[in-house]
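Note on naming: letters A, B, ... go to the chains in the order of the sequence lines (proteins, then strands), and numbering restarts at 1 for each one.
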Amino acid sequence: MKYWLMKTEPDVFSIDDLASRPDQSEPWDGVRNYQARNMMRDEMKPGDGIFFYHSNCDVPGIVGVARVLREGYPDHTSWNPESKYYDPKSSPDNPRWFMVDVGFERKFSETISLQCLRSLSELSEMPLVRKGNRLSVMPVGEYEWNFILGLAQ
DNA sequence: GCCAACGTTGGC
DNA sequence: GCCAACGTTGGC
C-alpha cells in the first residue's frame, strides 16, 4: 500500500464537497500533467491513502484523508468538447489522460497548514515543502504519512 | 534537439 | 494582484 497527496482548490472542489457526495466518492478528473497522470495511471491502487490538500486559499494545507477507490482509467472529460478539460488530442481509442476514483475517509478538526508542515524538520524531504513544487499529485513516504497523522491526533 | 515565448500553478 | 517556478509549445 502506498500513500499520496492530492491538491485541490476548495473553491472548485473541497473535502466538504467530497464528504457530501451521496457515496462520498468522486472521479478525480481534469488532471492535465504528465507526471501526475503517470502516477494515477500506473501506481495508484485501491486502498492507497491520500492526504487531501487545499491549495490557493486562505490557509493552504492538509485538511483530511481520502482513499483510492478505483485504479487509473481514462478521463472521459478529455474527449468531451463541452468540458473545460477537453483535449482534442485525446480520444476513447487513444486516451491521453487518466483519473482515479477517490473516497472520503476523514476530515481533520484543524487544517495542518503548509506553514506548519514547512516548519517541521522531519518533513523537510517532502516534495510538497520544496520550493516551486506544482505537482497536483505526489507520493508521500510511509514515515511522513504516519508523522503527519500523528499531528492530526 | 535547443531554447525562447508563453501559459499555469500556487504561495504570499 | 504579483511573481517565481516550472511545464508545454513550436520555430528553427
**Item:** Rounded distance in Å - CG (A:Asp87) to P (C:dT8)
**Value:** 12 Å
**Request:** Could you point out which residue of A:Tyr85, A:Trp79, A:Tyr34 forms a ring-ring contact (aromatic ring centres under 6.0 Å, His included) with A:Trp97?
**Result:** A:Tyr34
**Request:** Grab the CZ-C1' distance between A:Arg32 and C:dT9 for me, whole Å please.
**Result:** 18 Å
**Prompt:** Can we say A:Glu125 and A:Arg130 salt-bridge, meaning some charged N sits less than 4.0 Å from an Asp/Glu carboxylate O?
**Reply:** yes
**First of A:Gly132 and A:Asn56 reached from the 5' end of DNA chain C, by closest nucleotide** = A:Asn56
**Request:** Ignoring backbone atoms, test whether A:Lys7 places a side-chain nitrogen or oxygen under 4.0 Å from the OP1 or OP2 oxygen of B:dG10.
**Result:** yes
**Prompt:** Roughly, in whole Å, what's the span from CG in A:Leu135 to C1' in C:dT8?
**Reply:** 14 Å
**Request:** Using a strict 4.0 Å threshold on nitrogen-to-oxygen distance, state whether A:Asp75 and A:Arg32 make a salt bridge.
**Result:** yes
**Request:** Could you check whether A:Arg118 gets within reach of a base, just the sugar-phosphate, or nothing at all, counting any heavy atom under 4.0 Å?
**Result:** sugar-phosphate
**Prompt:** Rounded to the nearest Å, what distance is computed from the CE atom of residue A:Met138 to the C1' atom of nucleotide C:dA5?
**Reply:** 14 Å
**Request:** Give the rounded distance in Å between these two atoms: CG of A:Asn33 and C1' of C:dC6.
**Result:** 10 Å
**Item:** Euclidean distance, atom CZ of residue A:Arg134 to atom C1' of C:dT8 [Å, nearest integer]
**Value:** 10 Å
**Request:** Rounded off to whole Å, could you give me the CG-to-C1' distance for the A:Asn133 and B:dC12 pair?
**Result:** 17 Å
**Asked** What nucleotide, of C:dG7, C:dA5, B:dG11, holds the atom closest to the side chain of A:Gln35?
**Response** C:dG7
**Between NZ on residue A:Lys84 and CG on residue A:Asp29, distance to nearest 0.5 Å** = 8.5 Å
**Asked** Between B:dG11 atom P and A:Asp11 atom CG, what is the distance in whole Å?
**Response** 13 Å
**Closest to side chain of A:Tyr34, choosing from C:dG7, C:dT8, B:dC12** = C:dT8
